[in-house]
There are 4 protein chains.
Amino acid sequence: MARQKKMDEAEMLKETEKLLLERGYEGFSFKALSANLDIARSTIYEYYSHKDDLITDYMFILVKKVMDEMEKIKSETTGLDTMKEWLKLFMRYDQVHYMISMRSQLDQSESEIARNRLKQMDGLHGKMFFMLSNQVKKAKELGEVRDDLPNELVASFFFHSILSRPANDENIEGWANKLNDIIENGVRPHKES
Amino acid sequence: MARQKKMDEAEMLKETEKLLLERGYEGFSFKALSANLDIARSTIYEYYSHKDDLITDYMFILVKKVMDEMEKIKSETTGLDTMKEWLKLFMRYDQVHYMISMRSQLDQSESEIARNRLKQMDGLHGKMFFMLSNQVKKAKELGEVRDDLPNELVASFFFHSILSRPANDENIEGWANKLNDIIENGVRPHKES
Amino acid sequence: MARQKKMDEAEMLKETEKLLLERGYEGFSFKALSANLDIARSTIYEYYSHKDDLITDYMFILVKKVMDEMEKIKSETTGLDTMKEWLKLFMRYDQVHYMISMRSQLDQSESEIARNRLKQMDGLHGKMFFMLSNQVKKAKELGEVRDDLPNELVASFFFHSILSRPANDENIEGWANKLNDIIENGVRPHKES
Amino acid sequence: MARQKKMDEAEMLKETEKLLLERGYEGFSFKALSANLDIARSTIYEYYSHKDDLITDYMFILVKKVMDEMEKIKSETTGLDTMKEWLKLFMRYDQVHYMISMRSQLDQSESEIARNRLKQMDGLHGKMFFMLSNQVKKAKELGEVRDDLPNELVASFFFHSILSRPANDENIEGWANKLNDIIENGVRPHKES
DNA sequence: AATGAATGAGATTTCATTCAT
DNA sequence: AATGAATGAAATCTCATTCAT
């Protein structure tokens with residue numbers, strides 16, 4: 001995995017993220033990366049022997065970070081509150097959605113290391129969804145979620161809802177609340193109101 | 001090999017869609033396309049002189065088709081019912097979401113034709129969101145949607161909700177109903193129930 | 001040689017000249033030609049089965065035309081007067097110089113017909129220079145040209161002098177006179193004047 | 001095959017010249033060049049990212065070299081003597097004429113670098129003609145050139161005269177003298193002789 | 001550790017040319 | 001005669017990757 005070298009690997013991953021977001025998998029190249037980092041192209045190979053190794057490494061670290069923060073949040077909150085905090089977390093890491101859409105292109109990678117890391121990532125991803133679903137289950141037990149809805153569907157709803165961005169990105173907190181509100185209460189006027 | 005047989009352009013677009021979904025923008029190549037269609041690579045250039053021309057043509061036709069069906073549905077239904085039918089429509093055309101994520105890579109296309117078609121597409125896309133938002137507004141007037149939610153946010157919710165797929169894709173109709181139910185009523189148990 | 005067809009072959013050659021002058025041998029293509037003539041690309045093949053056949057045909061006809069006019073002028077004038085009239089002729093057909101510079105690229109043509117026509121052209125070309133040199137010889141006999149100059153060199157001087165164009169192309173006749181004056185009398189002031 | 005051995009850029013330009021003279025702009029290809037240099041085609045792209053970049057680089061260097069030698073000659077001679085030495089210089093660099101005829105094909109080059117270098121070249125070219133004309137003016141002041149001839153026309157005559165090659169290329173010096181003699185004194189016998 | 005140099009494989013694209021109608 | 005359709009060959013160019021220093 002080639003960690004802890006002298007060259008600032010964190011910067012390398014940061015720049016990788018930037019390039020991936022800007023240009024997508026196809027536009028991402030060691031040529032561009034080395035130019036942005038102002039190092040020789042061949043130097044990157046001292047750290048990652050394949051393009052896909054770097055990309056999957058970046059992706060894995062990203063998902064891992066999200067997971068870790070999810071765990072932390074889970075230990076501090078309960079029920080739908082946890083879900084709401086997770087929602088905010090997903091907002092902060094909204095690249096994840098883009099990376100997921102990119103993932104499929106890596107499936108046929110020639111690098112075994114990359115393919116292996118993808119499997120690990122899928123594992124994490126699965127775990128993440130399990131956590132989400134499980135939290136829904138707990139919220140149901142607390143009476144916070146309707147019993148007639150499949151856990152996975154509700155979980156997925158929280159995860160994808162952040163794709164609905166308001167035109168003006170102003171207030172993250174307010175946006176999170178709105179999203180959460182819709183998911184919890186729906187768009188119909190409440191009966192009693 | 002079948003000289004003189006006029007190429008079936010519909011088939012070409014079909015195969016284009018297939019390849020784009022399978023491999024993404026980067027993986028899509030005239031080489032692969034020509035192999036799948038069993039024609040010479042250069043033959044494709046008789047129809048589309050740039051790779052991006054073909055891709056944007058496919059995308060435009062796709063969005064147009066969705067738009068047309070949206071119009072039709074709109075003329076037959078009202079209020080949230082319209083939204084629900086649109087939801088089902090989005091499910092049938094769920095490639096649209098993938099294509100949207102691909103769109104950004106086409107921005108710097110060297111083909112002017114492609115760039116123009118992208119502009120047209122953006123126009124259609126804008127119109128589509130306007131229709132969605134407008135329908136939300138009408139639903140509000142019918143008292144079907146809470147007044148405190150921004151039209152665009154609700155619209156966007158309908159559009160993106162279909163990304164929440166149940167594990168087992170069995171029952172499209174059932175799934176659509178569930179999604180719609182969540183959006184309309186939220187995941188919390190109703191107070192009175 | 002496929003002459004006398006219904007399609008206006010003269011127009012085809014005219015357009016060929018235009019394209020060759022505009023874009024050079026490399027830029028000339030049946031694709032562009034057919035577009036300019038508003039006919040199908042394949043139609044051109046009814047007249048010329050190879051690109052180089054058309055080009056060499058055009059060139060040959062051009063050189064032939066110049067030759068014919070040279071002959072005519074020769075029959076009407078004598079000595080340096082003939083040379084002067086030829087000079088004007090070369091001005092009217094100044095494409096010839098461009099075509100000559102293009103000629104070498106055709107040497108390795110795959111079309112035997114084209115290679116043969118090149119040989120014919122070279123023959124004409126040789127004949128043309130023979131006529132020029134011969135006329136110089138006759139002018140010498142008339143005492144109009146210095147005896148110490150090689151005929152070929154003087155001949156060549158007349159032929160190439162038209163490449164010296166005045167900045168403002170205004171007056172062709174005046175220009176011709178100036179050129180002729182320099183060739184005949186040189187740029188030094190005359191001793192007795 | 002000789003990895004790591006730094007490419008000799010001078011040799012690259014030499015071979016470029018050879019190919020351009022042999023085959024013209026159209027016949028010139030990186031494939032042929034790489035074969036002649038016994039390197040991989042892609043290696044050339046490490047030095048010049050566009051075909052036209054290489055060609056214009058070569059051309060610019062060529063014109064620059066001629067200019068520099070012109071300047072040197074100018075500082076050592078005066079009047080028509082300078083012109084005569086320049087004439088010999090043009091003979092040594094007679095490729096220049098071929099390159100000029102090629103120039104127009106580069107006008108629509110897609111490479112901005114190439115287009116820029118063309119502009120620089122045009123600048124040099126303009127300067128060169130200015131030097132020529134200016135030298136004619138000085139020769140006039142010395143009484144060596146007739147006052148009734150436009151400077152530019154005389155200048156152009158010197159420049160193009162070298163296209164008149166004697167059949168047998170034997171004696172460069174003798175040829176130069178003949179050309180110069182014609183330009184200075186004309187082809188007519190002198191009155192007093 | 002880092003890098004300059006070189007390369008091979010492949011992608012996009014253009015055209016001359018053929019052939020059936 | 002004329003044309004629509006298809007094709008093969010080649011050219012330009014881009015990169016991931018290797019290797020010697």
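Chain identifiers are assigned alphabetically (A, B, ...) following the order of the sequence lines, protein sequences preceding nucleic acid strands; residue numbering begins at 1 within each chain.
No more than 12 heavy atoms of other residues, nucleotides or ligands shown are found within 6.0 angstrom of CD1 on Ile113(B).
Distances shown here put every side-chain N or O of Ser42(C) at or beyond 4.0 Å from the OP1 or OP2 atom of dG4(F). Contact between the side-chain N/O atoms of Tyr47(B) and the OP1/OP2 oxygens of dA6(F) is found at a separation under 4.0 Å. For Tyr45(D) and dC13(F), the shortest distance from a side-chain N or O to OP1 or OP2 is below 4.0 Å. OP1 or OP2 of dT12(F) has not a single side-chain nitrogen or oxygen of His50(D) nearer than 4.0 Å.
Under the 4.0 Å criterion applied to side-chain N and carboxylate O atoms, Asp107(C) and Arg115(C) are not assigned as salt-bridge partners. Classification of Lys18(C) and Glu15(C) as a salt-bridged pair holds, one side-chain N sitting under 4.0 Å from a carboxylate O. Note on Asp53(C) versus Arg117(C): no salt bridge recorded, every NZ/NE/NH1/NH2 to OD/OE distance being 4.0 Å or above.
Look at CD on Glu110(A): it is 11 Å from P on dT18(F), rounded to the nearest Å. When rounded to the nearest whole Å, the span between CG of Asp38(B) and P of dA6(F) equals 12 Å. Between Leu33(B) atom CG and dT13(E) atom P the separation is 13 Å, expressed in whole Å. dT17(F) atom P lies 10 Å from atom CD1 of Ile55(A), rounded to whole Å. Leu106(C) has its CG atom 15 Å from the C1' atom of dA16(E), to the nearest Å. Distance, Phe30(B) CZ to dG10(E) C1': 16 Å, rounded to whole Å. Distance OH (Tyr48(A)) to C1' (dC15(F)): 20 Å, rounded to an integer number of Å. The interatomic distance linking Lys31(D) (NZ) with dT7(E) (P) rounds to 17 Å, in whole Å.
Comparing Ala40(A) and Asp8(D) by the nucleotide of DNA chain E whose heavy atom lies nearest to each, the residue mapping closer to the 5' end is Ala40(A). Residue whose closest nucleotide on DNA chain E sits further toward the 5' end, between Lys51(C) and Ile44(D): Ile44(D). Each of Ile39(B) and Asp52(D) was assigned the nucleotide of DNA chain F with the nearest heavy atom; the assignment lying further toward the 5' end belongs to Ile39(B). Where Arg41(D) and Ser49(A) each meet DNA chain F at their nearest nucleotide, the meeting point lying more 5' is that of Arg41(D).
Side-chain atoms of Asp52(C) and Tyr25(C) include a donor-acceptor pair closer than 3.5 Å.
The stretch residues 10-29 of chain D has no heavy atom under 4.0 angstrom from DNA chain E at all.
Between Phe30(B) and Tyr45(B), the ring center distance clears the sub-6.0 Å criterion.
Taking OH of Tyr58(A) as the start and CG of Leu19(A) as the end, the distance is 11.0 Å to the nearest 0.5 Å.
dA20(F): Watson-Crick or G-U partner is dT3(E), with both key distances under 3.5 Å.
For Thr43(B), the listed nucleotide lying nearest its side chain is dA6(F); candidates were dA6(F), dT3(E), dG8(E).
With hydrogens and angles ignored, the 3.5 Å screen pairs no side-chain donor or acceptor of Lys64(D) with any backbone N or O of Leu124(D).
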